[in-house]
There are 2 protein chains.
Amino acid sequence: MNAEIITIGDEILIGQTVDTNSAWLGEKFLEIGVRVRQITSIQDKKEHIVKALDETLKRADVIILTGGLGPTKDDITKYTLAEYFNTELVIYKEVLAAIEDYFTKRGREMLQTNIDQAKLPKDCRIIRNYNGTASGMWFEKEGKIIISMPGVPYEMKAMMENEVIPSLKERFNLPTIYKKTVLIQGIGESFIVDRIKDWEEDVEKLNIDLAYLPSPGLVKVRLMATGNDENILNINQKAEELYNRMQPYAFGYNVDSLQQLVGKMLLEKNATLSTAESCTGGNIARLITSVSGSSNYYLGSIVSYANEVKSNELGVDENIIEKHGAVSQQVVEQMAKGILQKLNSDYSIATSGIAGPDGGTEEKPVGTVWIAIADKNSVYSKKFTFGDNRERNIILSSLTALNLLRNKILNKL
Amino acid sequence: MNAEIITIGDEILIGQTVDTNSAWLGEKFLEIGVRVRQITSIQDKKEHIVKALDETLKRADVIILTGGLGPTKDDITKYTLAEYFNTELVIYKEVLAAIEDYFTKRGREMLQTNIDQAKLPKDCRIIRNYNGTASGMWFEKEGKIIISMPGVPYEMKAMMENEVIPSLKERFNLPTIYKKTVLIQGIGESFIVDRIKDWEEDVEKLNIDLAYLPSPGLVKVRLMATGNDENILNINQKAEELYNRMQPYAFGYNVDSLQQLVGKMLLEKNATLSTAESCTGGNIARLITSVSGSSNYYLGSIVSYANEVKSNELGVDENIIEKHGAVSQQVVEQMAKGILQKLNSDYSIATSGIAGPDGGTEEKPVGTVWIAIADKNSVYSKKFTFGDNRERNIILSSLTALNLLRNKILNKL
């Protein structure tokens, strides 16, 4: 069984919008054992939609169309589909009531074009949209299924998860796929591969599908197979083996972010955290506070960009800055101790480095970053040498600091 | 004249990779007056590539293929193209020398698969890749042009900009497109449209292509036309009109970010900035320090997540917090004054709000945010009511604060 995706709308073709929907759909289909064979992005023109449908229907069992369902005159998907499937448009009363409710709640005036959104093809199953005014449509033709949904990502995603995926699973008796992802920070893909060759061979023998998904500072290793008891057992075991073998780099499974994980650990210990950031410029604070409820363990940060702030606010000895430079073990350790005492937290993180592109020297090139982690008893610090890209250096420093904190909380530093 | 894009590789179809290349290519083509008619993402299978080429050649004048040019056995694009265009693979000596050089410089061992990357189709124009080892290929057939490039974004982009775009412009005598984008913060697309109806009509009469490109907290309005003298003059004038009419929201043109712009303004005035962040949790500091050279005007931040930090570090009166709550005009103004005095900066920004999803009350629902901007003489503060999404509230608060600072520096607050 295979699927194809057709995205409708000029905004993707002229580069106004990056098509993130298709990747999301590709992953969702993979999870129910369906392969997406092709993605086609086309203009919102009737003849183009018809042609794409004709061709795709020859190849795919399920076709997902996204886009072109808005209230403006450019949005012709609904009209084209009604014609294509030889049906007429009729007012769906529940849909109209929901649209009226949508506008009433927001105190906005309802125009004729909005009312027209309740006009939908007679011979099709309506997929209700609880996040917007454009309904989805489910057509069937010669055993094939054609589903049209709006292009707005959170509207489309809710419709897929709540209605389309469950319906497809039931209809085609699709397998449930089991997957587990091991999250690894601070070591590159090629080094991981080098370290786990024998493990990888074992995994392949078990017919578990393995994928490495790298992003700056992180590698996700995904294990996936049909979700029968044996496979679930094997995947869980192999994932745990990988997690253990990749210490101290591996930090969790599946969708955990380091900031979520560290937050949970602090909550469990009833411990608090503060940060003193120089080169990361507030990015660590931002990551920590991106987690809802972080105010239960995170006290705050002093972003000490200027040296005077390091000495006046964090108590770093001016002579030490003078002698060793702001990017030094001595300074970063004093920053970590300073913020810990000042905010009276149980743990603290400090960073000082040269994010670049300027400011590097022969001794301390761009990408040199000192990170310190303190608790009430001790300070751990380490020097890292990242690259020459400012944005990347800030991301890598932040993730590395959070992973060091994780190891500190586990008493491994 | 029209173009099509074919992306080759399972990683896009199974959702491992979001196809950002196509949007970039769509925009680049738009800039030389070429419309992308369709984007097709296919599997890396020979028959699939051949079928896509057959169909696309019927419709498009220029076809860009990306992906499938790596050194592994999955990468079959080159072999498929050689067969499709009836030519054989031969070693290109300059390419081989460049690959050898690439590995020598990085101190990495060169494998046979890497040497094989210098084997390329005999009857084609080679597009050199100075950022990697996979060369591009330029084929011609019956007046149509087929260009194959690697899928790695920065390799592909360099090849497009340095060789493909200039060659296509010369070959087809393509127009240069002139565009100017007006950047607007703090007012939604529909409100902008409502405010500039007559201006929009004028722009349309001048045959200037207009596009609204919204992202959280920002709307970019793009004016675009063929770059003749008259159009350039018209676009510059209309962009300036829009900029003036959309005050105090419009803040710049083209790729300026608010943080870059504010940084430039501070540098020009030789002034310094500090921040005191509560609900934005370090995100304003992060945005400001994402700009290289920001240490010349940015002193630092106190991220006062806990109330004790607000009182102990920023000097906010505990009784005031008790009486009015941390999310209040009184507190945010004291935060702004406190950080200004403490770090002795010329300007300061303070934020205090309820980012959500928890913590809202009837009086102060989630999304309530107070922002204050201070200089040595005065404090300006304002309450905003954003939405119920934590991430979005943080982004909107940060951008709004930066735009308020811009207006403060211009003495408009």
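- If you take CG on B:Leu273 and OH on A:Tyr305, they are separated by 12.5 Å, rounding to the nearest 0.5 Å.
- Heavy atoms closer than 4.5 Å to chain A are found nowhere in B:Val34, neither backbone nor side chain.
- Of the two parts of B:Asn312, neither the backbone nor the side chain holds a non-hydrogen atom closer than 4.5 Å to a non-hydrogen atom of chain A.
- The line from CZ of A:Arg286 to CG of B:Asn283 is 6.0 Å long, rounded to the nearest 0.5 Å.
- Most heavy-atom pairs under 4.5 Å with chain A, from the set B:Ser304, B:Ser294, B:Ala276, B:Cys279: that is B:Ser294.
- Proximity to chain B (any heavy atom under 4.5 Å) is shown, for A:Ile42, by both the backbone and the side chain.
- When heavy atoms are compared at a cutoff of 4.5 Å, B:Leu30 approaches chain A solely by way of its side chain, counted from C-beta outward.
- Options A:Ala285, A:Gly293, A:Ala211, A:Ser274 differ in how many heavy-atom pairs under 4.5 Å they form with chain B, and the most are formed by A:Ala285.
- For B:Ser278, no part sits under 4.5 Å from any heavy atom of chain A, backbone or side chain.
- Proximity to chain A is absent for every atom of B:Asn21, based on heavy atoms less than 4.5 angstrom apart.
- When each of A:Ser22, A:Gly26, A:Ser41 is checked for heavy-atom pairs under 4.5 Å with chain B, A:Ser41 comes out on top.
- Here the CD1-CG distance, from B:Ile14 to A:Asp209, works out to 7.0 Å after rounding to the nearest 0.5 Å.
- With sequence neighbours left out, B:Arg59 forms a salt bridge (charged side-chain N to carboxylate O under 4.0 Å, His left out) with B:Glu4.
- Within 6.0 Å of NZ on A:Lys179 lie more than 12 heavy atoms contributed by other residues, nucleotides or ligands.
- Contact tally against chain B (heavy-atom pairs below 4.5 Å) for A:Lys220, A:Glu391, A:Arg222, A:Lys310: the top residue is A:Arg222.
- For chain B, the nearby part of A:Glu313 is the side chain; its heavy atoms alone come within less than 4.5 Å.
- Applying the side-chain hydrogen bond (donor to acceptor under 3.5 Å, both in side chains) rule to B:Thr56 yields no partners; only residues at least two apart in sequence or on another chain are considered.
- The residue among A:Glu308, A:Arg35, A:His48 with the most heavy atom pairs within less than 4.5 Å of chain B is A:His48.
- Of the inter-residue distances, the one linking B:Ile394 atom CD1 with A:Thr289 atom OG1 reads 5.5 Å to the nearest 0.5 angstrom.
- Heavy-atom distances place the side chain of B:Arg390, and not its backbone, under 4.5 Å from chain A.
- Side-chain atoms of B:Glu55 and A:Glu55, non-hydrogen and from C-beta on, do get closer than 4.5 Å to each other.
- Only the side chain of A:Asp10 comes within less than 4.5 Å of a heavy atom in chain B; its backbone stays farther off.
- Proximity to chain A involves both the backbone and the side chain of B:Lys342, based on heavy atoms less than 4.5 angstrom apart.
- Applying the side-chain hydrogen bond (donor to acceptor under 3.5 Å, both in side chains) rule to B:Ser301 yields the partners B:Thr275; only residues at least two apart in sequence or on another chain are considered.
- Taking a 6.0 Å sphere around CG of B:Asn2, one finds it holds more than 12 heavy atoms contributed by other residues, nucleotides or ligands.
- With a threshold of 4.5 angstrom between heavy atoms, B:Tyr298 approaches chain A through its backbone and through its side chain.
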>> For a side-chain contact (heavy atoms from CB on, under 4.5 Å) check, start with the C-alpha distance between B:Leu343 and A:Val309, then their side-chain angles and the critical distance, and finish with the verdict.
In response: CA-CA 7 Å; B:Leu343 302 199; A:Val309 180; 3.9 Å; yes
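- The choice from B:Ala3, B:Gly281, B:Gly282, B:Ala306 that makes the most heavy-atom pairs within less than 4.5 Å of chain A is B:Gly281.
- Both the backbone and the side chain of B:Ser292 come within less than 4.5 Å of a heavy atom in chain A.
- Proximity to chain A involves both the backbone and the side chain of B:Leu13, based on heavy atoms less than 4.5 angstrom apart.
- Ranked by heavy-atom pairs under 4.5 Å with chain A, the list B:Leu299, B:Val18, B:Ile302 is led by B:Leu299.
- For chain B, the option among A:Gln43, A:Arg37, A:Glu27, A:Gln16 with the highest count of heavy-atom pairs below 4.5 Å is A:Arg37.
- The distance from atom CD1 of A:Ile12 to atom CG of B:Asp19, rounded to the nearest 0.5 Å, is 9.5 Å.
- Proximity to chain B at a heavy-atom threshold of 4.5 Å picks out A:Gly356, A:Pro357, A:Asp358 from residues 351-359 of chain A, in numerical order.
- The local environment of OH in A:Tyr212 is crowded, with over 12 non-hydrogen atoms from other residues, nucleotides or ligands closer than 6.0 Å.
- Of the atoms belonging to B:Gln38, heavy atoms from both backbone and side chain fall under 4.5 Å from chain A.
- Heavy-atom distances place the backbone of B:Ser290, and not its side chain, under 4.5 Å from chain A.
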